[in-house]
Number of protein chains: 2
Amino acid sequence: MDNIEELNAEQRIIEAAADVFEESGFDGARMQQIADKAGINKALLHYYFRSKDLLFEKVFLIVAERIFSGFIKAFEEDGTIFQKIELFLTKHQELLYKNRRFPIFFFNEISRNPTLMKKLVAKLEFNNRFKNLILQLENEKEAGIIRQDVDVKHLMINIVSLSVFPYIGRPVIKEIMSDFGYNYEKFLEERKTVVANFVINSIKA
Amino acid sequence: MDNIEELNAEQRIIEAAADVFEESGFDGARMQQIADKAGINKALLHYYFRSKDLLFEKVFLIVAERIFSGFIKAFEEDGTIFQKIELFLTKHQELLYKNRRFPIFFFNEISRNPTLMKKLVAKLEFNNRFKNLILQLENEKEAGIIRQDVDVKHLMINIVSLSVFPYIGRPVIKEIMSDFGYNYEKFLEERKTVVANFVINSIKA
DNA sequence: TATATCTTTGACCAATTGGTTAAACCAAAT
DNA sequence: ATTTGGTTTAACCAATTGGTCAAAGATATA
């Protein structure tokens with residue numbers, strides 16, 4: 001959303017709020033700052049969204065849905081499990097790279113208010129979307145393509161862990177890397193292929 | 001620190017502050033709440049630590065050092081790389097399980113104030129402590145114990161990712177798991193062996 | 001006992017913050 | 001031209017928050 005001026009007040013508020021909340025978190029965010037960034041009076045925030053809590057919840061769900069639905073589709077395309085993993089990792093990395101501040105913001109806010117996750121899960125219909133993937137994994141296990149001892153739950157979490165953690169731990173990794181003379185950005189670039197290989201090596205029969 | 005009454009005021013403040021900051025984050029934490037939990041007057045906080053910022057920094061570094069030095073040693077023991085990985089994962093999981101709220105707190109605060117990480121790295125002497133591990137990995141690579149294409153940086157991040165992410169994403173995973181009829185605590189328990197196997201499968205020659 | 005130093009407190013303050021309200025603005029309908 | 005409805009604003013408010021300060025307690029020293 002570059003041309004924020006063209007949007008109407010309500011939409012400008014949402015974009016501004018997304019930005020400020022992501023930058024400072026719920027507790028650190030200031031209604032005045034959101035109003036300034038949206039180019040409107042502070043009272044208008046309350047006119048459209050009643051309270052900081054309600055504004056936050058609405059914005060949080062909008063942004064989270066935007067990002068999640070971006071890569072959740074990767075698992076719904078056709079292809080072998082290896083292809084799906086590679087496709088997911090590519091899309092995931094792409095999205096993370098464009099939204100570096102999102103992961104830590106997301107997990108932090110969810111930790112402070114787990115109810116948000118219930119609402120998000122309901123909105124995104126996780127359950128339905130992953131059923132086929134689970135079936136496919138069981139099939140490929142029996143077909144001898146992947147190891148017998150692979151567990152779907154753990155595999156999924158492993159993939160997401162490996163993909164998203166470098167963004168959550170960005171400043172930590174960056175600092176340690178530079179301490180060793182490595183470059184963080186180069187590291188992220190390498191990771192696009194490294195992670196896929198790591199996962200596939202680990203599960204193929 | 002169970003018997004908080006036996007400590008002197010300054011120590012009680014540190015323990016109370018650690019608790020409140022970990023629970024609410026820097027922005028969400030209230031000096032009054034820390035004072036209450038420490039059983040002292042709010043003015044005493046400022047007598048000992050001057051400001052919220054200084055109190056936070058001191059407490060953050062104390063808690064982070066406590067936890068980091070707990071598992072960093074795992075890599076300094078003798079043994080093959082496989083043994084070290086298993087030892088690290090065991091210790092790491094143990095510590096994470098006892099300090100569930102720490103990871104998200106830690107990474108969130110570091111993201112908002114990366115300077116903290118500089119101070120922590122200096123305090124913990126990361127560089128010196130990992131040199132030997134890197135040498136060992138190169139040796140075992142040449143000896144044909146682990147794959148030629150294993151990269152030390154990525155391997156380290158992979159291990160930490162797989163280990164710590166389930167705690168960062170706790171409410172997220174919990175919600176999705178229950179949506180599928182799985183149990184999160186059981187999942188964590190399984191993970192102790194699953195992760196080690198996953199990593200070792202992936203790197204052994 | 002008197003004095004000096006460190007510890008602890010209650011009362012207080014200035015600044016900030018989320019939120020309210022009454023009035024002004026403005027486009028469309030009559 | 002006037003009314004009507006939604007939109008936007010400036011001014012304001014009550015509550016909270018980090019922080020201060022002078023005085024009271026406590027402890028050790030002489």
Side-chain angles (χ1 to χ4, degrees), chain A residues 1 3-63 105 108-109 112-113 115-116 119, chain B residues 1 3-63 105 108-109 112-113 115-116 119:
Chain A
M1 303 297 151
N3 36 7
I4 204 171
E5 300 84 8
E6 293 174 15
L7 304 171
N8 67 34
E10 191 171 357
Q11 291 169 323
R12 287 210 314 277
I13 292 173
I14 289 177
E15 298 308 319
D19 210 43
V20 173
F21 280 132
E22 211 169 285
E23 177 73 34
S24 312
F26 177 82
D27 289 326
R30 297 287 161 248
M31 295 296 266
Q32 187 61 60
Q33 198 187 344
I34 295 173
D36 291 347
K37 189 159 269 183
I40 50 124
N41 187 283
K42 188 165 65 95
L44 205 59
L45 294 181
H46 294 92
Y47 173 75
Y48 280 114
F49 299 95
R50 299 251 319 257
S51 70
K52 189 184 182 185
D53 285 86
L54 289 175
L55 171 60
F56 178 80
E57 181 172 321
K58 194 154 262 180
V59 167
F60 181 87
L61 291 177
I62 288 172
V63 174
F105 162 74
N108 188 48
E109 298 302 337
R112 300 263 145 73
N113 180 6
T115 318
L116 285 173
K119 291 176 182 164
Chain B
M1 302 296 151
N3 36 9
I4 204 170
E5 300 83 9
E6 292 174 16
L7 303 171
N8 67 33
E10 191 171 358
Q11 291 168 323
R12 288 210 313 277
I13 292 173
I14 289 177
E15 297 308 320
D19 210 43
V20 173
F21 280 132
E22 210 169 286
E23 177 73 33
S24 312
F26 177 82
D27 289 326
R30 298 288 161 246
M31 295 296 266
Q32 187 61 59
Q33 198 187 343
I34 295 174
D36 291 347
K37 189 160 269 182
I40 50 127
N41 187 285
K42 187 164 66 95
L44 205 59
L45 294 181
H46 294 92
Y47 173 76
Y48 280 113
F49 299 94
R50 299 250 321 257
S51 69
K52 189 184 181 184
D53 285 86
L54 289 174
L55 171 61
F56 177 80
E57 181 173 320
K58 194 153 262 179
V59 167
F60 181 87
L61 291 177
I62 289 172
V63 174
F105 163 74
N108 187 48
E109 298 301 337
R112 300 262 145 75
N113 180 6
T115 318
L116 286 172
K119 292 175 182 165

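Below, chains carry the letters A, B, ... as their sequence lines are ordered, and counting in each starts from 1.
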side-chain hydrogen bond (donor to acceptor under 3.5 Å, both in side chains) against B/Asp36, all qualifying residues, sequence neighbours excluded: B/Gln32
Side chain to side chain contact (heavy atoms under 4.5 Å, CB included) partners for A/Asn113, two or more places apart: A/Thr115, A/Leu116
Partner set under side chain to side chain contact (heavy atoms under 4.5 Å, CB included) for B/Leu54, not counting sequence neighbours: B/Arg50, B/Ser51
A/Lys58: partners by salt bridge (charged side-chain N to carboxylate O under 4.0 Å, His left out), with sequence neighbours left out: none
Between A/Arg12 and A/Asn8, a side-chain donor and acceptor under 3.5 Å: no
Interface residues of residues 40-53 of chain B with DNA chain C (non-hydrogen, below 4.0 angstrom): B/Ile40, B/Asn41, B/Ala43, B/Leu44, B/Tyr47, B/Tyr48
Basic-acidic side-chain contact under 4.0 Å: B/Lys119, B/Glu57: yes
Residues which pass side-chain hydrogen bond (donor to acceptor under 3.5 Å, both in side chains) with A/Gln33, listed by chain and number, not counting sequence neighbours: none
Any pair counted as salt bridge (Lys or Arg N to Asp or Glu O under 4.0 Å), so long as it reaches residues 22-31 of chain B, sequence neighbours left out: B/Glu22-B/Arg101, B/Glu23-B/Arg101
Pair listing, ring-ring contact (aromatic ring centres under 6.0 Å, His included) test, anchored in residues 24-52 of chain B, at least two apart: B/Phe26-B/Phe56
Those residues of residues 26-35 of chain B lying under 4.0 Å from DNA chain D by at least one heavy atom: B/Ala29, B/Arg30, B/Met31
Range on DNA chain C touched by chain A - first to last nucleotide, heavy-atom distance under 4.0 Å: C/dT17 to C/dT21
Which residues share a side chain to side chain contact (heavy atoms under 4.5 Å, CB included) with B/Ala18, sequence neighbours left out: B/Val59, B/Val63
